[in-house]
Chemist: 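My questions all concern the structure below.
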Amino acid sequence: MRMLAEKTKRTIYTEAMEIFEHAADLIGLDPRVRLELEEPDYEHIFYVTVKLRERLVPLPKEEQKRYADLPESVVTEGLEPLADGRFIIRGKALLRSNVTVRDGVIRLAGNGLYRLEPAQVRRFKAYRVQHNQARGPYKGGVRYHKEVSLDLFKSLAAEMTWKTAIADIPFGGAKGGIKIDPRHYSKEELERITLRYMYRLKDLVGPHRDIPAPDVGTNPEVMGWMFRQYSDGERERHNLRGVVTGKDVRIGGSEGRVKATGQGLAYCVEDWYADRKQTVAGQTFILQGYGNVGSNAAEILCSMGAKLVAVNDADGTIYNPQGIDPVRLTAYVYGNPKNINKSIAGYPEAEAISKKAFWETQADFAVPAALGGEINADIAEHLKVKLVAEGANGPTTPDADEVLQARKIELIPDIIANSGGVTVSYYEWLQNQRMEHWTEVEVNDRLQRAIKTNWRIIRDIAKNQPRHNADYDSRRYCVGREVDTRTAAMVLALKRIEAHYQLEGFSQ
Ligand code: GLU
């Protein structure tokens with residue numbers, strides 16, 4: 001009976017926590033620590049309201065006949081195209097041009113009929129989940145995406161707690177964001193929404209309290225707006241720069257931060273091959289997602305000599321067995337204003353294939369770098385790779401994990417594979433505290449040493465191979481038998497967190 005009740009209540013969060021429960025059992029985690037970690041410290045849900053701009057909305061087909069005789073209007077500037085087919089009207093764009101409007105309908109030269117939608121006010125649901133701060137201030141990204149929920153942010157926040165522990169940086173875990181598709185809003189609207197979001201967050205965050213950073217749908221520009229709102233009116237603004245990381249390098253961001261997640265992933269893959277006395281050079285791979293993580297991982301892995309043979313994103317899939325050049329692909333996706341969806345779809349130097357064919361492409365390794373839950377048991381059953389290196393957070397479901405293990409497909413789990421981002425966030429925060437600016441070489445040297453060391457400790461735990469050398473000591477982490485790598489990573493995280501409770505005790 002109880003089993004049944006538990007089964008039906010399986011959510012993104014309970015699914016994400018299965019590995020926690022498993023590792024906690026395995027190491028006999030202190031029961032009080034377990035209770036502390038099983039649920040977040042705080043779950044904040046709030047709303048932000050903003051006034052949007054005027055828009056031009058495509059006129060539905062059935063209404064178009066009535067305007068067949070409407071002459072074309074030429075608007076040369078002030079219209080910003082959105083991914084949903086609408087246009088934002090900037091400033092007095094329409095007033096300045098010579099346009100013909102009838103019943104609020106306009107025919108844009110070369111584009112068809114649109115209805116003028118007056119500026120509207122909108123409300124968005126916003127979140128910040130602060131999972132744990134035993135090891136330091138809450139830390140984690142801000143996600144702007146249409147499919148987010150409290151349950152999702154709870155799992156992502158918990159994942160940050162494990163990730164910061166594995167990266168061995170003095171932070172806890174948090175995550176938040178807004179339920180919104182940012183591609184449907186203009187830059188100026190996103191700025192207003194972000195300012196409103198940070199206005200509501202102001203008492204919850206701070207350089208020593210909770211430190212947001214970019215995640216899906218946000219970027220250094222958004223971090224700049226968040227910093228401005230947080231520090232607005234403060235005399236000693238410079239002391240507050242560490243309130244967000246992932247800032248532009250010109251305002252206190254770190255060199256190498258934008259590439260850091262992809263860079264860290266590449267270091268892990270490099271070490272996975274080194275452990276087998278092989279190199280990345282000549283290995284083929286498939287990549288899901290071409291955002292910040294995917295595009296940078298691709299460029300770095302290919303500069304190491306790997307060959308990218310297939311890419312899938314939300315809008316399409318491309319394949320070329322001769323290799324896809326990520327520098328050219330990045331130019332196609334990000335360097336072309338006509339590519340409004342910022343998608344790889346339609347890339348001319350590869351052929352379009354189905355998503356199913358993508359996951360079944362023969363390659364040496366796969367990099368899922370899009371959203372969570374993408375590799376399910378069925379896909380895992382059909383993968384034709386030897387290794388999965390997780391760039392995304394939670395891309396593999398627990399059922400798929402079992403299939404991968406049964407099929408002996410190896411795994412570099414997300415909490416180590418994508419920890420390069422938050423690691424360099426820590427370097428950024430350190431530079432902000434110390435008023436320093438490190439070079440990219442310094443950043444990458446530190447990152448490489450840190451991530452490879454922690455990855456080797458995880459490997460030692462997995463192989464039950466306690467070691468002590470000049471770089472690290474894995475003896476206190478091994479559990480006396482071999483475990484899979486995802487469990488091994490979680491063991492490392494939990495032992496590091498547990499040490500804080502054991503040595504500092506609980507605040508009453
Ligand atoms: N959003 C990134 C992650 O999921 C980076 C977080 C950070 O730098 O705080 O790891």
Side-chain angles (χ1 to χ4, degrees), residues 16 127-133 135-145 148 152-178 182 201 205-220 222-223 226-227 241-249 252-265 268 289 291-294 296-297 368-372 389-395 412-432 443 447 450-451 454 489 493:
Y127 305 81
R128 186 74 182 168
V129 174
Q130 297 170 319
H131 179 260
N132 187 270
Q133 60 172 351
R135 300 183 61 264
Y138 299 112
K139 183 85 191 83
V142 174
R143 181 172 291 199
Y144 287 179
H145 196 266
V148 295
L152 176 69
F153 282 128
K154 278 175 70 179
S155 49
L156 293 169
E159 179 155 344
M160 289 310 299
T161 301
W162 323 139
K163 203 185 294 186
T164 50
I166 284 175
D168 214 4
I169 56 179
F171 292 141
K175 201 82 161 205
I178 306 179
L201 272 186
V205 299
H208 295 278
R209 193 170 295 177
D210 182 357
I211 306 150
D215 194 76
V216 176
T218 59
N219 56 28
V222 175
M223 296 305 113
M226 290 187 78
F227 171 68
R241 289 210 185 271
V243 67
V244 286
T245 58
K247 300 178 292 291
D248 188 301
V249 287
S254 178
E255 300 292 343
R257 175 62 185 85
V258 171
K259 289 190 194 157
T261 311
Q263 184 71 65
L265 185 131
C268 289
N292 169 274
V293 180
N296 284 298
L371 296 173
E390 296 182 327
N393 289 320
I412 307 179
D414 49 3
I415 44 182
I416 179 75
N418 71 27
S419 66
V422 74
T423 301
V424 177
S425 274
Y426 168 56
Y427 301 159
E428 176 174 335
W429 181 84
L430 268 186
Q431 291 170 74
N432 293 158
V443 168
L447 173 63
I451 208 164
N454 288 312

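Start at 1 with the first residue, then count along the sequence. As the structure lists them, so they are numbered: ligands from 1, and atoms in each ligand from 1. Small disclaimer: the values here were computed from a predicted structure and weren't measured.
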Chemist: Quick one: pull up CD1 in I178 and CZ in R128 and give me the separation to the nearest 0.5 Å.
Modeler: 11.5 Å
Chemist: Check whether any side-chain N or O of N296 sits under 3.5 Å from a backbone N or O of A260 as a donor-acceptor pair, and report yes or no.
Modeler: no
Chemist: Which protein residues come within less than 4.0 angstrom of ligand 1, counting heavy atoms only?
Modeler: K139, G140, G141, M160, K163, K175, A213, P214, D215, R257, N393, G421, V422, S425
Chemist: Using the side-chain hydrogen bond (donor to acceptor under 3.5 Å, both in side chains) criterion, which residues pair with Q130? Sequence neighbours excluded.
Modeler: H44, D210
Chemist: Look only at the side chain of E428 and the backbone of K247, and say whether a donor-acceptor pair between them is shorter than 3.5 Å.
Modeler: yes
Chemist: How many angstroms lie between atom CD1 of I412 and atom CG of L265, to the nearest 0.5 angstrom?
Modeler: 6.5 Å
Chemist: Find out whether T218 and M226 are in side-chain contact, i.e. whether some heavy atom of one side chain is under 4.5 Å from a heavy atom of the other.
Modeler: no
